[in-house]
Amino acid sequence: GPVDICGSGEDEDCDGFVDEAGCAGVGTWVCASCAGASDTNPGTQARPLKTINKGLVQAVTYGFNKVYVANRDATTANIYAEDLTLLPGISIEGRWVPETPWWRSSAVRTVIHDTTAAGLKIPAGIGRDTVLEGFEVRSAGGLGGATVASAVKITSSAPTLRDVWAGGFVPGAPAVATSVGILVSGTSSSPARPRLEGLAADNPGGATDGSVARRLRAALGRLCRAG
């Protein structure tokens, strides 16, 4: 069953104890800029992983439900250049500061530069318990000749996006004919119902937050939005 994440301050294995000695010496703490960070590390605060993708793998392996992602410091973002696909029941939380112990800062979001035109992907079957929080997300634009680009792509799923800025391209990305901050798609039998809290979305082609919201409403039929 689940084991405690070292240093999380939470009782992941539901045994009434927090961060006990039996936390197996593993975690899902990620810090690209930390000295000694490596995807061969156990993923603790003292020996963090280097990539978010490895954090997701670690979460699946040990039954964790959250990946903690660090900035460089309290006021400087880390940039994670990865192609990310969210997994059911596993949340990703940015804005962490890799001090001892780690803590969260409201000063700056953690940055994801997705390496594909489709951007960060949230596939069918994802529910409310999968949360993307505290990130700025950009796509690779017209990479590979793509004609449509999105920072976040939600397909027939119902994730929670909280405190997320989605839009724009990574530096040097090729131009693309159509671009949106968040691309939502679903069907009548498998609708998309994301929950958006404190969201900022932008279309690099010049669309405003409002136009993106209208595109979301058209795709969803009913937009669940809070904050």
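Side-chain contact between I112 and I52 is present, with heavy atoms from C-beta onward closer than 4.5 Å. Under the 4.5 Å side-chain criterion, counting only non-hydrogen atoms from C-beta, V26 is not in contact with T44. In this structure the side chain of H113 reaches within 4.5 angstrom of the side chain of P171, judged on heavy atoms. With contacts defined as side-chain heavy-atom distances shorter than 4.5 Å, the pair S150/S139 does not qualify. Using a 4.5 Å cut-off on side-chain heavy atoms (C-beta onward), W29 and V69 make no contact. Side-chain contact check for N53 versus L84: some heavy-atom pair is nearer than 4.5 Å.
Salt-bridge formation is not detected for the pair R138/D114: no Lys NZ or Arg NE/NH1/NH2 atom is positioned less than 4.0 Å from an Asp or Glu carboxylate oxygen. A salt bridge links E93 and K66; the closest N-O separation between the charged side-chain nitrogens and carboxylate oxygens is under 4.0 Å. Ionic pairing of E82 and K50 is not present here: no N-O contact between side-chain nitrogen and carboxylate oxygen is shorter than 4.0 angstrom.
A117 and A146 get closest at one heavy-atom pair: CB-CB, 3.5 Å. V108 and A77 make their closest contact through CG2-CB, 3.8 Å (heavy atoms, listed as atom of the first residue, atom of the second, distance). Here the closest non-hydrogen pair linking P159 and S157 is CD-C, 3.4 Å. Contact record, A149 with F169: CB-CE2, 4.1 Å, taken as the closest heavy-atom pair. Between A173 and A140, the closest heavy-atom pair is CB-O, 3.4 Å. Nearest heavy atoms, A192 versus S156: CB-N, 3.9 Å.
Counting side-chain heavy-atom gaps under 4.5 Å among Ile, Leu, Val, Met, Phe, Trp and Tyr, the cluster of W103 also holds V97.
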Task: side-chain contact (heavy atoms from CB on, under 4.5 Å) assessment of T130 paired with L87 - done: CA-CA 8 Å; T130 299; L87 301 177; over 6 Å; no
- [ ] With side-chain contact (heavy atoms from CB on, under 4.5 Å) as the test, would you mind laying out the steps for N78 and C31 before giving the verdict?
- [x] CA-CA 8 Å; N78 253 338; C31 179; 4.1 Å; yes
Task: Worked verdict on T28 versus Y62 for side-chain contact (heavy atoms from CB on, under 4.5 Å) - done: CA-CA 10 Å; T28 54; Y62 293 99; over 6 Å; no
Open item on the list: Could you walk me through whether L183 and V152 satisfy the side-chain contact (heavy atoms from CB on, under 4.5 Å) test, starting with their C-alpha distance in whole Å, then the side-chain angles of each, then the deciding distance to 0.1 Å, before giving a yes or no?
Closed with: CA-CA 6 Å; L183 181 61; V152 176; over 6 Å; no
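Using modelled atom types, one side-chain atom of Q58 and one backbone atom of G27 make a donor-acceptor pair closer than 3.5 Å. Looking at S105, its side chain does come within 3.5 Å of a backbone N or O of A107 through a donor-acceptor pair. The backbone N or O of G186 sits nowhere less than 3.5 Å from a side-chain atom of S190 that would complete a donor-acceptor pair. D39 places no side-chain N or O within donor-acceptor distance of the main-chain N or O of L49, the cut-off being under 3.5 Å. Formation of a donor-acceptor pair under 3.5 Å by the T160 side chain with backbone atoms of R128 is found in this model.
No single ILVMFWY cluster, assembled from side-chain heavy atoms under 4.5 Å apart, contains both F135 and V131.
Atom OG1 of residue T110 and atom CG of residue N71 lie 3.5 Å apart, to the nearest 0.5 angstrom. Rounded to the nearest 0.5 angstrom, L86 CG and S91 OG are separated by 8.5 Å. Distance CD1/I154 to CD1/I122: 4.5 Å, rounded to 0.5 Å. With rounding to the nearest 0.5 Å, the separation of CD1 in I126 from OG1 in T155 is 10.5 Å. Atoms NZ and CG, on K121 and D83 in that order, are 3.5 Å from each other to the nearest 0.5 Å. For the atom pair L132 CG and I92 CD1, the distance stands at 6.0 Å (nearest 0.5 Å).
Applying the side-chain hydrogen bond (donor to acceptor under 3.5 Å, both in side chains) test to T76 and every residue at least two apart in sequence or in another chain returns D73.
No more than 12 heavy atoms of other residues, nucleotides or ligands shown are found within 6.0 angstrom of CZ on R72.
When each of R109, E197, R162, R95 is paired with E133, the side-chain contact (heavy atoms from CB on, under 4.5 Å) condition holds for R162 and for no other.
Taking the six-membered ring for Trp and thresholds of 30 and 60 degrees, Y68 and W96 have ring planes more than 60 degrees apart, a perpendicular arrangement.
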